[in-house]
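Heads up, the thing below is written out as structure tokens.
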Number of protein chains: 4
Amino acid sequence: MTAARSSRRAGDRPRTRSAERRPKSPSNGRAGSPRPDKHAAAATPKSERSRDLILQSAAQLFRRQGFSATTLRQIAARAKIKAGSIYYHFDSKDEILDEVLDRGLRHVFETVKTAIERAGKVSHRRRVGLAIEAHLVALLETSDFTSANIRIYGQLPEHLKTPHRPLRRAYAEYWDRLFLNARRAGEIRADIEIVPLRMFVLGALNWTIEWFRLENRDAVLELARRTEMLIFEGVRKP
Amino acid sequence: MTAARSSRRAGDRPRTRSAERRPKSPSNGRAGSPRPDKHAAAATPKSERSRDLILQSAAQLFRRQGFSATTLRQIAARAKIKAGSIYYHFDSKDEILDEVLDRGLRHVFETVKTAIERAGKVSHRRRVGLAIEAHLVALLETSDFTSANIRIYGQLPEHLKTPHRPLRRAYAEYWDRLFLNARRAGEIRADIEIVPLRMFVLGALNWTIEWFRLENRDAVLELARRTEMLIFEGVRKP
Amino acid sequence: MTAARSSRRAGDRPRTRSAERRPKSPSNGRAGSPRPDKHAAAATPKSERSRDLILQSAAQLFRRQGFSATTLRQIAARAKIKAGSIYYHFDSKDEILDEVLDRGLRHVFETVKTAIERAGKVSHRRRVGLAIEAHLVALLETSDFTSANIRIYGQLPEHLKTPHRPLRRAYAEYWDRLFLNARRAGEIRADIEIVPLRMFVLGALNWTIEWFRLENRDAVLELARRTEMLIFEGVRKP
Amino acid sequence: MTAARSSRRAGDRPRTRSAERRPKSPSNGRAGSPRPDKHAAAATPKSERSRDLILQSAAQLFRRQGFSATTLRQIAARAKIKAGSIYYHFDSKDEILDEVLDRGLRHVFETVKTAIERAGKVSHRRRVGLAIEAHLVALLETSDFTSANIRIYGQLPEHLKTPHRPLRRAYAEYWDRLFLNARRAGEIRADIEIVPLRMFVLGALNWTIEWFRLENRDAVLELARRTEMLIFEGVRKP
DNA sequence: GATGAATGAGTGTTCATTCAT
DNA sequence: GATGAATGAACACTCATTCAT
């Protein structure tokens with residue numbers, strides 16, 4: 001995430017009222033960061049746990065039913081609180097959406113980058129393969145935020161999409177660089193254009209939310225392997 | 001459509017009220033059928049034109065905003081009538097959705113089949129290529145119904161999806177047969193499994209709704225050509 | 001009203017949505033205007049009668065309890081409709097307030113001006129006396145709109161007051177001219193300043209809402225007579 | 001206040017709960033009473049200071065926006081505490097209102113009486129003049145409680161007004177006696193009825209809250225002088 | 001065939017109030 | 001003494017739906 005956008009969220013949209021209420025947003029920009037507390041005791045304060053529960057519940061429902069079909073009362077029920085209580089933690093339904101989207105995209109981005117950085121010196125094909133795998137894992141296995149984001153973003157009204165454009169673009173560019181480097185290195189054919197390729201690949205990956213049902217531990221890895229193969233080798237019998 | 005499913009829609013779900021009032025649904029299962037009117041005069045009766053306008057409006061809005069974010073008043077406004085008038089033609093918002101979904105899927109299916117049937121004796125790769133092109137044309141160029149269907153289906157509650165399962169399955173099987181035949185004929189590698197392949201391909205095609213903006217006449221054909229190439233050849237430098 | 005402000009209301013504030021809904025506001029700027037219909041038949045259309053009933057109900061409740069203590073459900077109950085139905089006629093509670101305030105001020109203004117214009121050539125004291133009487137009649141006898149306006153205006157948030165400033169100023173200036181002319185004519189002492197005088201007089205008049213309870217036909221006229229006397233003669237024994 | 005009502009407030013309405021918790025209300029009926037603390041040290045205990053701050057904040061907001069438009073959170077914010085903390089000092093929003101109203105009326109009453117008692121042997125006109133001045137000073141200069149009371153009392157629901165009736169009546173009677181004595185002494189014309197006169201005068205005074213903005217030290221005194229003149233002399237050129 | 005007017009259930013949101021800490 | 005977190009009732013407002021005209 002480093003370059004992409006180091007932090008948003010902290011009061012960057014106009015807050016009309018009730019700044020007095022609500023605790024600080026604990027989202028400190030690093031999704032996978034370790035305990036921010038010095039001493040692991042007192043762990044997560046109650047407030048933060050509630051907040052997270054609400055977001056988690058919202059993400060699941062948004063993903064399943066979409067944003068507008070999801071009721072605050074549904075979110076509350078799933079978080080085992082009452083609808084009104086949500087407003088102790090968030091100013092509006094839109095704000096919940098906002099954070100769900102943000103966490104979702106940060107999560108895939110982080111996951112993909114980490115996977116590639118950890119890999120060290122490997123072939124470009126391997127790098128793309130790792131990205132495919134990481135993207136699918138984030139989408140299908142580890143994060144309701146990511147799958148909610150991918151699934152509902154397109155149908156959102158403009159004003160809800162706007163704040164997320166920069167990070168989306170950054171993620172797209174990250175993939176583009178991946179492909180570009182592979183092409184430069186001769187691991188991808190020279191006649192292939194990067195942007196359509198990225199659209200094609202991410203499309204195939206993202207659409208898995210519509211049909212893939214996680215069954216066993218390795219299902220996603222198997223899917224990733226298969227997908228990478230299709231992308232690189234194509235289906236034609238040589 | 002012939003084989004797929006010759007007709008549905010006509011009162012296959014319980015109709016609580018007013019079955020007498022409203023005119024029969026003119027969707028008689030055969031899209032291209034000739035005038036059902038006894039005397040060919042009066043072309044399309046006013047009623048049917050209104051009905052179509054409503055459906056068209058609904059499809060556009062569903063596609064853009066999703067089902068639950070779309071209000072009957074928006075649909076009515078776009079069809080230049082008042083919200084109450086919709087109920088002369090439909091029993092409920094769900095019924096509109098139902099027909100939008102149905103027309104949408106029928107349209108791609110029809111388009112794809114027609115394209116392939118017209119082609120006559122060609123290679124299997126060519127057949128798949130034609131299917132890709134036809135699917136993309138239906139999705140991106142000719143039908144708001146198709147794009148609405150593809151885009152919103154996944155987030156619909158179960159009871160709204162149920163009636164559309166058979167036709168969806170039929171369409172999927174149509175593609176499977178296409179790929180199967182190609183594999184049998186040795187135009188697709190033997191180690192490739194059909195179902196994941198179909199998911200991969202249709203995923204890549206369907207996701208185009210999320211980003212493709214129609215600009216010029218041939219844009220879709222160009223996209224189709226590129227996609228076919230990626231699918232068959234892969235990206236690897238040979 | 002002629003000079004003061006000939007018309008407002010007709011879509012002069014941004015209407016975010018639902019312009020499609022709701023019938024045109026029938027307030028055509030002239031409060032006491034005769035039937036606007038050509039033929040008295042069909043009299044007031046249903047819509048306009050409902051609208052008026054809502055406004056009337058709102059005015060009474062605003063006057064008694066203030067704006068923010070008055071519920072849309074209370075207004076609806078008094079108008080014998082359901083709360084949701086209000087939105088067929090108005091876009092928001094604020095819009096109702098807006099029209100209540102407007103009608104209220106227009107009504108006193110109209111009443112006072114008419115009384116004076118009708119009087120023709122009379123002494124300035126008589127003119128002031130007629131204005132006092134007319135103001136009190138409007139306030140205490142003929143219009144819940146006027147009493148609501150006078151009573152709640154001061155506690156309203158700024159943005160709800162703003163649109164009514166011009167007409168309020170015009171009314172104040174009308175009184176000022178009345179006093180000014182009387183002073184010029186030597187019917188009021190030369191050392192008396194107009195603005196504080198107007199404040200004093202209108203204050204004494206407006207405060208009557210707080211205690212005056214209409215009992216018999218002539219109570220208001222009697223009150224007016226007494227008030228005029230106090231203002232002109234003072235209480236000192238000569 | 002002596003005769004009027006020596007004390008109320010202390011548990012004269014049913015107290016459902018927590019009568020034990022909270023500290024006794026320090027309002028012991030005598031505004032200017034000496035420290036009730038045994039040992040004069042510790043001056044005002046923290047509790048009492050918070051209580052006063054809350055009341056002061058409430059008074060200002062009630063006056064500006066009315067009772068029902070004012071939220072406990074606004075009051076708390078202004079008193080620099082959190083909303084929940086208010087309940088350590090008060091049982092309900094109504095109880096705050098109750099004490100604001102009480103302090104407000106006591107304050108004018110006290111102020112007016114003190115002014116007149118201090119004056120000693122003076123003319124009745126002078127006494128009325130002093131009352132006018134004192135009333136205006138309390139209203140416009142020294143007490144948000146008084147202005148809040150005057151401004152919001154009329155719109156309150158019956159059950160909130162009831163407990164304040166006796167003191168209000170006592171204050172009205174105090175003014176009546178002032179005027180009555182003046183009339184007996186021949187300083188006010190014999191044909192003037194006391195009650196309407198009091199209404200007229202207090203109306204003119206009270207309405208000043210609606211427009212008077214304190215600018216310089218003597219503005220209120222100047223206003224008082226002018227008002228007295230208008231009341232006694234009237235506007236007519238002799 | 002279509003509309004104007006209304007309804008009732010539900011939505012996001014607010015707010016006085018509670019209470020464990 | 002005060003707060004953080006929550007609650008439940010109510011609020012303004014929306015929307016699919018109804019139905020007389």
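Keep in mind it's a predicted model, so treat the numbers as computed, not measured.
- Comparing atom distances between the C/His89 side chain and each of F/dT17, E/dA6, E/dT13 picks out E/dA6 as nearest.
- One can place CG of B/Leu160 at 14 Å from P of F/dA16, the figure rounded to the nearest angstrom.
- For the pair B/Ile86 CD1 and F/dA16 C1', the interatomic distance rounds to 10 Å; values are reported in whole Å.
- Among the heavy atoms of the strands lying under 4.0 Å from D/Thr70 are primed sugar atoms or P, OP1, OP2 only; no base atom is included.
- Put simply, A/Ser85 has a side-chain N or O that comes within less than 4.0 Å of OP1 or OP2 on F/dT7.
- With F/dC13, E/dA16, F/dA2 as the choices, the nucleotide that has an atom nearest any side-chain atom of C/Arg73 turns out to be F/dC13.
- Closest approach of B/Leu160 and B/Leu101 over heavy atoms only: O-CD1, 4.3 Å.
- Annotation: of the two residues near DNA chain F, B/Leu72 and C/Ser68, the 5′-most nearest-nucleotide partner is C/Ser68.
- Between D/Leu55 and D/Phe145, the shortest heavy-atom contact is O-CE2, 3.6 Å.
- Residue A/Ala83 has its side chain nearest to E/dT13 when only E/dT13, E/dA6, E/dT18 are considered.
- Nucleotide E/dT11 holds its P atom 15 Å from the CD1 atom of A/Ile96, rounded to whole Å.
- Atom-to-atom, CZ of A/Phe90 to C1' of F/dA6 comes out at 15 Å; the value is rounded to the nearest Å.
- OP1 or OP2 of E/dA6 has at least one side-chain nitrogen or oxygen of C/Ser50 nearer than 4.0 Å.
- Looking at D/Ser85, its side chain never comes within 3.5 Å of a backbone N or O of D/Ile81 through a donor-acceptor pair.
- The CG atom of B/Leu53 sits 12.0 Å away from atom CD of B/Glu48, with the distance rounded to the nearest 0.5 Å.
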Original post:
Could you spell out the base pairing of DNA chain E in dot-bracket, with Watson-Crick or G-U pairs whose two distances are under 3.5 Å, [ ] crossing and | to another strand?
Top reply: .||||||||||||||||||||
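- If you take atom C1' in F/dT21 and the same atom in E/dG1, they sit 13 Å apart, rounded to whole Å.
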Return a table of donor-acceptor pairs under 3.5 angstrom between the side chains of residues 71-78 of chain C and protein atoms on other chains or two or more places apart.
| residue | atom | partner | partner atom | Å |
| --- | --- | --- | --- | --- |
| C/Gln74 | OE1 | C/Thr71 | N | 3.0 |
| C/Arg78 | NH1 | C/Gln60 | OE1 | 2.3 |

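- Distance from the side chain of B/Ile81 is smallest to E/dT3 among F/dC13, E/dG4, E/dT3.
- If you check every strand for non-hydrogen atoms under 4.0 Å, B/Thr71 touches sugar and phosphate atoms only.
- With DNA chain F read from its 5' end, the first of the two nearest nucleotides for C/Phe67 and B/Phe67 is the one closest to C/Phe67.
- Looking at the side chain of D/Lys93, the nearest of the listed nucleotides E/dA16, E/dG8, F/dA2 is E/dA16.
- Of all nucleotides listed (E/dT17, F/dG1, E/dG8), E/dG8 comes nearest to the side chain of C/Lys82.
- For the pair C/Ser47 and E/dG4, the criterion of a side-chain N or O lying under 4.0 Å from OP1 or OP2 is not met.
- With rounding to the nearest 0.5 Å, the separation of OG in C/Ser50 from OH in C/Tyr88 is 9.5 Å.
- In this structure, the OH atom of B/Tyr88 is 14 Å from the C1' atom of E/dT3, given to the nearest Å.
- Salt-bridge check for C/Lys161 with C/Asp98: failed, with every basic side-chain N at 4.0 Å or more from each acidic carboxylate O.
- Judged by the 6.0 Å and 45° rule, D/Lys93 forms no cation-pi pair with D/Tyr87.
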